[in-house]
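Per chain, numbering begins at 1; letters A, B, ... match sequence-line order.
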2 protein chains.
Amino acid sequence: MTVLETQGFLPHIAFDSVIFGFSKGKLKILLMEYHDTGWLALPGGFVRKEEDLDEAAKRGLKERTGLDNIYLEQFYTFGNMARFKPEVMQTILEANGFFLDPDHWMLDRFISVSYFALINFEKVILTPDELSDSIAWYEIDSLPKLILDHNAIVAKALQTLRENLERKLIGGNLLPERFTMNELQQVYEAIFGEKIRRTTFQRKMLGLDILERHEKLYTGKSHKAPYLYSFKKV
Amino acid sequence: MTVLETQGFLPHIAFDSVIFGFSKGKLKILLMEYHDTGWLALPGGFVRKEEDLDEAAKRGLKERTGLDNIYLEQFYTFGNMARFKPEVMQTILEANGFFLDPDHWMLDRFISVSYFALINFEKVILTPDELSDSIAWYEIDSLPKLILDHNAIVAKALQTLRENLERKLIGGNLLPERFTMNELQQVYEAIFGEKIRRTTFQRKMLGLDILERHEKLYTGKSHKAPYLYSFKKV
DNA sequence: CCAAAAGTGTTAGCGTTACACCCATGG
DNA sequence: CCATGGGTGTAACGCTAACACTTTTGG
């Protein structure tokens, strides 16, 4: 199936995903780079005519990262006229050798139902789509200019993540199954963009009674070995 | 213009509004009752082809309540296949004397971008749409069965309202410009569905430094007259 | 003077903060 | 023994809860 297939997708409706990962102390998201233009965009896609909206987003996530069963949350739907710039999609498609009628469904106005995902950086197998040269990680606090309103979409995703992090305790989704307290703290610091007091953080996390303590992690460094933790199941 | 106009609206995209009001100690929402069927639904509508999504929701709110400049927040977009029941819209339209082709755009699949609004009950001038016999207030904790997934939409709206009430301090939008502390407390109690300690509530609200104290309200009752408060501007 | 509701003072409790201290590890 | 980073004890602090008390109003 090609993206240009006329049948099969709902017109006017797209989804975009802000896929967060954490590595080397930095919060990052995935961006696609379109052929030739060098333009950067969030990974996204369209909704099949007989597919749940959420399923479409899950499918898109799976296609780009290979991952299933991921923390995925819908956070906002962007539908201003200002985001309707048919020449952008037209240029992207032409760079791929597709020359469409001006009234082709892909050049029409779209609203974007936007999701954010939290994934374990280590497990991702990146796969570009057919219009893109690459899909790659970009640090959240030095993002380049993205197409359309995608920078605003990222900003809103980050805001939602910050608001929900402590209430829903979803930060662990960015880490491997077992992690040290320091790693968890780095995730929180990367998301909030500020340093957190070590002892306070440790006590707050342990006090929530959501962590299970496992064996120590011996790194070969000359200091006390930290415990490994995991989130309690159910 | 009639709802059946084929041109002018984006297909597949609808909006629905959960419009909250507060009266006589109860939290209420507005529901439409369709002709003949007796079916109840959230007020909603479609998005014009050259209209911002948010503008469409504002327009719908204005059409039903007469109100402008209202607290309105988009909270979720519902897009499961399970909500696609063309026979529901078909029955509603037939009850109004409209018999459409099965492939008419109004009988197609829709996703619903959902908004909730907080309004001053006293100021509303209710106006049914052309498919409805009535638009009226219903108490949130004894809602009847609504069409499609509208009960779930209301549930999610209420959940979002509860989560945002204290963070965004939006409760005052349900009250007149000036109100007593007791009235504000009743709003909070109606939204959370539980009693709040009077003195604690008063001190917390005053401590937030968002209220301005005005003259006392003499009701003729034989007890101390309460102060009137308003929210500080900016 | 009384009843009722509004507003405030006071104390206790509890969770977070700040800082110190101790522990484990490898060089 | 030292440097380094992890873990915990303790006291101060601050916010909320709990309850008593005072104030205001009309009958």
Problem - Lys/Arg N to Asp/Glu carboxylate O, A/Arg167 vs B/Glu163, below 4.0 Å - result: yes
Practice task
Tell me, with the steps shown, if A/Leu158 and A/Leu27 meet side-chain contact (heavy atoms from CB on, under 4.5 Å).
Solution key: CA-CA 10 Å; A/Leu158 185 57; A/Leu27 189 65; 4.0 Å; yes
Considering just the side-chain nitrogens and oxygens of [X], establish if one lies under 4.0 Å of OP1 or OP2 belonging to [N].
X	N	answer
B/Arg203	C/dG7	no
B/Thr200	D/dT16	no
B/Asn182	C/dA5	no

Handout entry: Ring centers of B/Phe84, B/Phe110 separated by less than 6.0 Å
Key = no
Exercise for the section: State yes or no: are the ring centers of A/Phe46 and A/Phe15 separated by less than 6.0 Å? Expected result: no
Send over the distance from [X] [atom1] to [N] [atom2], rounded to a whole Å.
X	N	atom1	atom2	result
A/Ile196	C/dT16	CD1	P	14 Å
B/Phe179	C/dA6	CZ	P	14 Å
A/Met205	C/dT16	CE	P	10 Å
A/Arg198	C/dT16	CZ	P	18 Å
B/Lys195	D/dA18	NZ	P	16 Å
A/Gln202	C/dA18	CD	C1'	15 Å
A/Leu184	D/dG7	CG	C1'	16 Å
B/Phe201	D/dC15	CZ	P	19 Å

Handout entry: First encountered from the 5' end of DNA chain D, between B/Thr199 and B/Lys204
Key =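 Nearer the 5' end of the strand: B/Lys204.
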Problem - Whether B/Phe192 and B/Tyr188 hold their rings parallel, tilted or perpendicular, with breakpoints at 30° and 60° - result: tilted
Exercise for the section: May I ask you to establish whether A/Arg213 and A/Tyr229 are in a cation-pi arrangement, using a distance under 6.0 Å from NZ or CZ to the six-membered ring centre and at most 45° from the ring axis? Expected result: no
Could you write out each protein N or O paired with an N or O of nucleotides 23-27 of chain D at a distance under 3.5 Å?
| unit_1 | atom_1 | unit_2 | atom_2 | d |
| --- | --- | --- | --- | --- |
| D/dT24 | O2 | B/Lys224 | N | 2.6 |
| D/dT25 | OP1 | B/Tyr218 | OH | 2.6 |
| D/dT25 | O4' | B/His223 | O | 3.2 |
| D/dT25 | O2 | B/Ser222 | O | 2.8 |
| D/dT25 | O2 | B/His223 | N | 2.9 |

Practice task
Indicate, yes or no, whether a donor-acceptor pair under 3.5 Å links the base of C/dG7 to the side chain of B/Arg213.
Solution key: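 Side chain to base: no pair below 3.5 Å.
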Handout entry: Sole candidate of B/Phe20, B/Trp137, B/Phe179 that passes ring-ring contact (aromatic ring centres under 6.0 Å, His included) when paired with B/Phe121
Key =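 When ring-ring contact (aromatic ring centres under 6.0 Å, His included) is applied between B/Phe121 and each of B/Phe20, B/Trp137, B/Phe179, only B/Trp137 qualifies.
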